[in-house]
Amino acid sequence: MQTTLDDQQALAELNLSRVRPFQLREYPGLIRLCSILLFLAIWEYYGRGVDPIFLSYPTAIARAAVQVTASGELGQQFLLSMKAFVIGFGSAIVLGIGVGLLMGRYRLAQYLLDPYMYAMDATPRVALIPLLLLWFGLGIWSKVAIVFLSGLFPILINTFSGVKTVSGSLVEIGQAYGAKEGQIFRKIIAPATLPFIMAGVRVGVGRAVVGIITAEMFTAVTGLGAMLIVYSSSFATDKLFVPIILLALLGVALTEVVKALQSWLAPWKESERAESE
Amino acid sequence: MLEIRHLSKVFFERNDPRRSGLVALHDISFQVQGNEFICLLGPSGCGKTTLIRIAAGLLRADKGEVLVNGRPVIAPGRDRCMVFQNFGLLPWRTVMENVEFGLEIEGGPREERRRICQKYIELVGLQGFESYFPHQISGGMQQRVGIARALSKEPDILLMDEPFGAVDAQTREQLQEELMKIWATTNNTVLFVTHSIDESIYLADRVIVMKPRPGRIREEVKIDLPRPRWAVDVRADPRFAQLRTRIRELLRG
Amino acid sequence: MGLIPATRGSIHFRDQLVTEPIQDVGMVFQSPVLLPWRSVLDNVLLPIEVMNRSRREHAPAALELIDLVGLSGFENKMPRELSGGMQQRASICRALITNPSLLLMDEPFGALDAMTREELGVELMRIWDEKRKTVVFVTHSIPEAVLLADRVVVFTARPGRVAEIIEVKLPRPRGLETEFAAEFKEYVDRIRAIIYAQKVRR
Amino acid sequence: MSRRVFRRYVLPTLTIAGLIALWQVLCVVLDIPVWLLPAPSLIFQKLVEWGDKLPLHTWVTLYETLAGFALAIAVGIPLAILIVYSEVLQNTIYPILVIFQSVPKVAIAPLFLVWVGYGAISKILVAFLVAFFPIVVDTATGLNAVPRELMELMKVLRASPYHIFKKIRFPAALPHIFSGLKVAITLAVIGAVIGEFVGSDKGLGYLILISSSHMDTGLAFGSMAILAVIGIGLFVGVAWLERVICPWQTTEHQ
């Protein structure tokens, strides 16, 4: 809040008591931390009482985490997952944005490509996993393909609808100032669509992570998803929690990174629309 | 000089000329002399915005033509500049970068651009705000940016599409007075769209009163109030009241 | 009216201290805020419903009000089928349906174009003539204030203080031609002078 | 036949039929191996062959999806209402829910298997878990999206909380709720299938799993097609319900 000299003067005249009473609810971080600690404590207490196959407990999980990390297994599988993720998602970003911009700007591209866009988006993509495995084999490329397909459509659709949204009013400003097509793309459409693109990337990240886990669970050969299946079928519940927690953190971290990028790249847009997952 | 000749424009349902159409403009003709300030006045739906967009070269007419200095308008050009209703600022650019936009499109040395833009930022009274983003300044200030951007191209003709429609009443009066002062120094030809009777009388040399469905010219009213109009309050002039009654009746009838 | 507490001082209504929202009041806001899933008539009757009064008993009154603001024939239309000015008329009906003795209007015509605005101002005076209410009307526009009011309370900006209270002694009924009266001009100039004096000082 | 009917229904149908025909022709002409891409005729043949067993598998997946979705609604909407009305919950649970939205929930599927075994319940739980978050978050957003002026008006009228909820907040939230439901139903299908991938002995996911491991691509494709029909059908159903329940919304959306 910006205050002027007049405000300060008036405030002095009013002579209010300016002591603020302590209120617990003004410290949500503290409440949350307490809540989490309490949850862990209860889990620990009861978890020790039940069959370790059924439900492990925090200290056992921590021990298992140290174990699988020290053996190098976790790191190795994590890198295998991430390698596929980076290649697949990187190409999804490049192609999604490129094609989305073209489809948004040129009707011909739109009509040529939008049936595929909508059809592919409506198909439950996880169902394609077996097919992709057949085509690309059990190695990294089937995972790259599923990450690519999962990430591509949210980015493509958001970019496309972003261009459509800015088309009317903002493009007209460029036209009124005599901007050429290239200038309209660079100076108007690209920056104006950025918030939409980032919203699409945010959705795409979530879907791509789900895609890669599912693919790995399906094949149970490499990656964090495979670890999930191996540990669950050998009833090593304490170890099973390790990749689960790592994946949870990965999901949150990736989303936060995209959010941070979003507010860094598009600080003028206070609120953006983003569907979940 | 700007000349509008037998201009007509029809908006068809889904852009399909076989479907039913709305006649936005029907056989409009008038002339604007150099350095003249013209207001287009009319209720919503009378096609005044369509007319100004055709003059800007953003829209094609179905019949008739717009001539600028004798040459027909087919596309936006550097002789005309537009000030938009909702300011039309680019939200990711600062005040300075927004003002620079027009000259940037044309190219030319950056130093030169900065110098010209600084001059117009000062003219509209925004010095000190160059590095602010549009969402950080008030609506009235945003429209000053829009005006500075248009002026920086030093156009012959300034097209203003309800530029003060989105600001509150008091800011509006202030902006009107400032526009008059700016115009006194730049002396562009101005075509100004509004639906406020008082605004049109205060600003214009002539008011072109339009009526809707189909959009056409009802009458032209000459505003013979003395200039400058901000020094003595012209709103107090009895002629102002008479003009207002007359225009109001034209709009009613 | 009891929606936000005052830091210091108090508001009294009929010699009673206002601490919570009082019932005998109608409110009109800058935007019409009609419920998009209700017809005009149902929107007007909304206060009746939430006050647990009989809809059937008040329906004729609602129709009468709709007629009074010139919306007859539109009572079964949905808000999105109406123009901004018409929506604002409907919201005025909604404020009047409980027959309040006090009407609070927060820049009700601020979002409308200048011509609709003038028209609704005249309309409001006609309604006010028929249903004498105490009206507190917030506006940016000086001519609008002078045209409508018995008294204009001019505020300063930041901190909000009352700069002056001006009694408008123009004869009623007033209409758009009132604006040509020399006194009208004087009032407008006086208020403008007060406001600009404030701006210069800062 | 009106133009509209032709353009909206007949033309897309013809396009799809054309594409399938083209697929068939290419498979035959280029002699594409069956494991790579089965011809539509083969897929159809497989579907007929499995005609007696397919309804069971389809029903299992549909049932798991719908049960998980219903559970997500039954828990999600009341929870969202509690969150909106309780400041404590709004400050504690809600932010955690928002964070959990970006957690890949399917990773927990193997854990469910350990907890509740191979039966339908573990799949229902996965479907529930993925469908739950968009419903809670969108419902809470919707309930909070009432214009400030309307809430003030209600206060001035001294409307009871029940009336405010019934006449203002809930209807105003409906469009948001439906946008949450539309995301949730697609996710519920995916959740059920992933649950089946992880461990099951029936359902379309199971069928895809075993048929692809036997290189029986015809059956895998057939199952996928049924799955796609279920997914699209459920989505269209929710969208239709939205149009029926909040007709005022449709025009704004277009």
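Chain letters run A, B, ... following the sequence lines, proteins first and then strands; every chain starts at 1.
- The shortest side-chain heavy-atom distance between Gln183(A) and Glu104(B) does not fall under the 4.5 Å cut-off.
- Residue Glu111(B) qualifies as open at atom CD: its count of foreign heavy atoms under 6.0 Å is 12 or below.
- Annotation for Leu89(B) and Leu170(A): closest pair O-CD2, 4.0 Å, computed over non-hydrogen atoms.
- In this structure, no portion of Leu103(B) lies under 4.5 Å from any heavy atom of chain A.
- To the nearest 0.5 Å, the span separating CG on Leu58(B) from CD on Gln175(A) amounts to 6.0 Å.
- Proximity to chain A (any heavy atom under 4.5 Å) is restricted, for Arg53(B), to the side chain, taken from C-beta onward.
- Here the CD1-CD1 distance, from Ile173(A) to Ile105(B), works out to 11.0 Å after rounding to the nearest 0.5 Å.
- In plain terms, the two heavy atoms of Pro76(B) and Ala176(A) that are nearest each other are CB-O, 3.7 Å.
- In plain terms, the two heavy atoms of Tyr177(A) and Gly146(B) that are nearest each other are OH-O, 4.4 Å.
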